[in-house]
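The figures here come from the full heavy-atom set of this structure, side chains too, leaving out hydrogens, waters and symmetry mates.
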Amino acid sequence: GIKPSEVAQVSVFRSQSPVDVSCLARCPHLQALTLTKCGISSLCGLSSCSQLVELNLQANALEQLGEMACCMANIRFMDLSGNRITSLVGLEGCPGLLELSISENRITRTSGMPCCLKLQKLVLDNNLLVNTAGLDGLPSLHHLSCIGNHLPRVSNLSNSPLLHCLNLQQNNLCEAPPLMNHVLLRELRLEENNLSDVQILTSSWLPLLQTLSLANNSISSLDSLSLMLSLESLDIRNNSICDLPLLLHALRGCFSLTSLVLEGNPLTEDPRWRRLVQGVLPSLLNLNDQEVARPKQLSFPTEVRDFPLYQLCRRQLKEQDDLIAHHNQELLSLVNSNNGSPEAVTKLLNGKVRHHQDWHGLLVKHLREHEEYGDDHIVRFQFQEPDSYDMIMC
């Protein structure tokens, strides 16, 4: 059998009796540890596992993180979802942390969040958060999810310019988060909040944003979305939008929009709404979750397609998608070849770390490319507006 001193990976799922982690002291070279539903209430026994890179302790009975500082200097990936943790204090001992999932706990504030300069992915879903005061020390953050909390506002993200995915659905937001420094954002989910005005959002320069969900709020109108140059999917179902001409004005310039959901808004009672909406969206393929035939007379404007900044955005999105696909393929190969040996475990974990480094490097490159353009190149495409929208609504 394998000697404990040679063990690199341990996985236990649903233990009938609480697991005593002190037995892991015999595995000083342990790199990946998964103990799910094992009744663990203390981390004291992990003090000798200084080589840990990946730690998964989902669905246990942990209440605090204070015991982690002594053993987590090398940790990169950590999942503590489904415990009883009330505070983020204790993560100071994890300076190299890249991913942290701590959903379904009892955390009320992020003020104990240390300056995790390398943290790229943070998942805080289904906690008890009432503010995000500690998130301003995360300059490398790419992905933030705070689904199902009690946040009335989020305003601490200005120091995270690499953010590309932000999910704040099912909170108590009364205003959209300010995103004036987030040109790389690709996905924004704000559904099931208390939003009535999203002007701060529509005035933000978000050239890579592809997915925007504002469903199930109290929004009565939208300003122009032309600053969202790459927008492909917009969900504004179950709001209070009743002014069809204003909506048509907001949608003009959404040349890449392929999916739009408007059901549950008063304007859909107008028998002309579907035809008129389709008339301003040359790329629309799906309306209210139903396929639509693209009118032959509509085409993607050449002046937009040839615009250098638009071409830059399309290239960046393709580079990101290509890198993600490459990483997924490589990760699948590494997982399939992992036989539990120290060499295979090390190769898998090193691969995951390298993927994060590659992704971070690409986002930094893309951010710098946008900075080279400067504010002078941020333009709204101009159109010949009708004297009255009543003219096109006949």
Trainee: Would you please say whether a donor-acceptor pair under 3.5 Å links the side chains of N60 and N83?
Mentor: no

Trainee: With the side chain counted from C-beta on, respond yes when I236 and L222 share a heavy-atom pair under 4.5 Å apart, and no when they do not.
Mentor: yes

Trainee: Determine the sole option in Q31, H29, Q9 for which the side-chain hydrogen bond (donor to acceptor under 3.5 Å, both in side chains) test with T346 is passed.
Mentor: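 Result: among Q31, H29, Q9, Q31 is the only option passing the side-chain hydrogen bond (donor to acceptor under 3.5 Å, both in side chains) with T346.
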
Trainee: Please confirm whether the backbone N or O of A250 pairs with a side-chain atom of D223, one donor and one acceptor, at under 3.5 Å?
Mentor: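 No; zero donor-acceptor contacts below 3.5 Å.
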
Trainee: Determine, step by step, whether L52 and F77 satisfy the side-chain contact (heavy atoms from CB on, under 4.5 Å) criterion, reporting the C-alpha distance in whole Å, the side-chain angles of both residues, the deciding distance to 0.1 Å, and the verdict.
Mentor: CA-CA 9 Å; L52 269 177; F77 311 100; over 6 Å; no

Trainee: Which heavy atom of L287 sits nearest to which heavy atom of V292, and what is that distance?
Mentor: CB-CG1, 3.7 Å

Trainee: Is K365 atom NZ crowded by more than 12 heavy atoms from other residues, nucleotides or ligands, each under 6.0 Å away?
Mentor: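 Counting neighbours around NZ of K365, more than 12 heavy atoms of other residues, nucleotides or ligands fall under 6.0 Å, so yes.
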
Trainee: Measuring only between side-chain heavy atoms, which start at C-beta, is N56 closer than 4.5 Å to L35?
Mentor: no

Trainee: Is there a continuous path of hydrophobic side-chain contacts, each under 4.5 Å between heavy atoms, that joins L209 to V261?
Mentor: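 Shared cluster, no.
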
Trainee: Mark yes or no for whether S226, through its side chain, and G253, through its backbone, hold a donor-acceptor pair below 3.5 Å.
Mentor: no

Trainee: On a heavy-atom basis, which atom in S204 and which in L227 lie closest, and how many Å separate them?
Mentor: O-CB, 3.5 Å

Trainee: Between T132, T110, D136, which is the residue that forms a side-chain hydrogen bond (donor to acceptor under 3.5 Å, both in side chains) with N156?
Mentor: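 Among T132, T110, D136, the one meeting side-chain hydrogen bond (donor to acceptor under 3.5 Å, both in side chains) with N156 is T132.
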
Trainee: Is the side chain of N336 donor-acceptor paired with the backbone N or O of L332 at a distance under 3.5 Å, no angle test?
Mentor: yes

Trainee: Side chains of L188 and T211: does their closest heavy-atom pair fall under 4.5 Å?
Mentor: no

Trainee: Looking at side-chain heavy atoms only, is the closest gap between L214 and E191 below 4.5 Å?
Mentor: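 No, side chains not in contact.
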
Trainee: Just so I know, are the side chains of M228 and L225 near enough to count as touching, which here means a heavy-atom distance under 4.5 Å?
Mentor: yes

Trainee: Only one of R76, Q120, H142, H356 clears side-chain hydrogen bond (donor to acceptor under 3.5 Å, both in side chains) with E99; which?
Mentor: H356

Trainee: Applying side-chain contact (heavy atoms from CB on, under 4.5 Å), run through E63 and I85 and close with a yes or a no.
Mentor: CA-CA 4 Å; E63 295 184 0; I85 299 168; 6.0 Å; no

Trainee: Do the rings of H327 and H355 sit parallel, tilted or perpendicular, given the 30° and 60° boundaries?
Mentor: parallel

Trainee: Is L257 reachable from V277 through a run of hydrophobic residues whose side-chain heavy atoms are each under 4.5 Å from the next?
Mentor: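 Cluster IDs for V277 and L257 match.
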
Trainee: Should L349 and I75 be counted in the same cluster of Ile, Leu, Val, Met, Phe, Trp and Tyr side chains packed under 4.5 Å apart?
Mentor: no

Trainee: Going by heavy atoms in the side chains, are L276 and L247 under 4.5 Å from each other?
Mentor: no

Trainee: When you measure from the side chain of N239 to the backbone N and O of I219, does any donor-acceptor pair fall under 3.5 Å?
Mentor: yes

Trainee: Between H366 and C313, is there a donor-acceptor pair closer than 3.5 Å when you use the side chain of the first and the backbone of the second?
Mentor: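 No; judged by distance alone, with no hydrogens or angles, the pair does not exist.
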
Trainee: Looking at side-chain heavy atoms only, is the closest gap between E330 and N328 below 4.5 Å?
Mentor: no

Trainee: If you compare all heavy atoms of C254 against all heavy atoms of L231, which two are closest, and at what distance to 0.1 Å?
Mentor: SG-CD2, 4.5 Å

Trainee: Check for me, please, whether L46 and L30 land in the same ILVMFWY cluster - side-chain distances under 4.5 Å, paths through other members count.
Mentor: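 As far as the 4.5 Å side-chain criterion goes, L30 and L46 are connected within one cluster.
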
Trainee: Salt bridge between D289 and R237, side-chain N to carboxylate O under 4.0 Å?
Mentor: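 Salt bridge flag = yes for R237 with D289.
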
Trainee: Hey, is the main chain of L195 close enough, under 3.5 Å, to the side chain of N217 for a donor-acceptor pair?
Mentor: yes

Trainee: Crowded around R315 CZ? As in, over 12 foreign heavy atoms under 6.0 Å?
Mentor: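 Buried by this count: over 12 neighbours within 6.0 Å.
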
Trainee: Are V21 and V10 joined in one hydrophobic group, where the rule is that I, L, V, M, F, W and Y side chains link up if heavy atoms are under 4.5 Å apart?
Mentor: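 Result: yes, single cluster for both.
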
Trainee: Rounded to the nearest 0.5 Å, what's the gap from CG on L206 to CG on L229? Could you check?
Mentor: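 Between atom CG of L206 and atom CG of L229 there are 11.0 Å.
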
Trainee: Suppose the criterion is salt bridge (Lys or Arg N to Asp or Glu O under 4.0 Å): which pairs have a residue in residues 37-55, not counting sequence neighbours?
Mentor: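 Non-adjacent pairs meeting salt bridge (Lys or Arg N to Asp or Glu O under 4.0 Å): E54-K352.
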
Trainee: Spell out, as yes or no, whether a donor-acceptor pair under 3.5 Å connects the side chain of N171 to the backbone of L173.
Mentor: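 No.
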
Trainee: Among Q320, H164, E232, which residue meets the side-chain hydrogen bond (donor to acceptor under 3.5 Å, both in side chains) test with R186?
Mentor: Q320

Trainee: Go through the side-chain N and O atoms of S145 and D125 and say whether any donor and acceptor fall under 3.5 Å apart.
Mentor: yes

Trainee: Do R368 and E372 meet the salt-bridge criterion of a basic N to acidic O distance under 4.0 Å?
Mentor: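 The answer is no: the pair does not qualify as a salt bridge.
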
Trainee: Ignoring hydrogens and geometry beyond distance, is a side-chain donor-acceptor pair present between S81 and Q58 at under 3.5 Å?
Mentor: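 S81 vs Q58: no donor-acceptor pair found between side chains.
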
Trainee: For N265 and I241, work out which heavy atoms get closest and say how close.
Mentor: OD1-N, 3.0 Å

Trainee: Pair S230, R314 - check side-chain contact (heavy atoms from CB on, under 4.5 Å), show working.
Mentor: CA-CA 8 Å; S230 304; R314 301 313 298 178; 4.1 Å; yes

Trainee: Is any side-chain heavy atom of V123 closer than 4.5 Å to a side-chain heavy atom of L100?
Mentor: no

Trainee: Run E104 and N127 through side-chain contact (heavy atoms from CB on, under 4.5 Å) and show every step you take.
Mentor: CA-CA 5 Å; E104 298 180 21; N127 276 280; over 6 Å; no

Trainee: Verify whether one side chain among Q169 and N167 offers a donor that lies under 3.5 Å from an acceptor in the other.
Mentor: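 Side-chain D/A pair, Q169 to N167: present.
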
Trainee: Using the side chain to side chain donor-acceptor pair (under 3.5 Å) rule, take E369 and Q316 through it: C-alpha gap first, then chi angles, then the decisive distance, then the call.
Mentor: CA-CA 10 Å; E369 289 176 344; Q316 289 185 342; 2.7 Å; yes

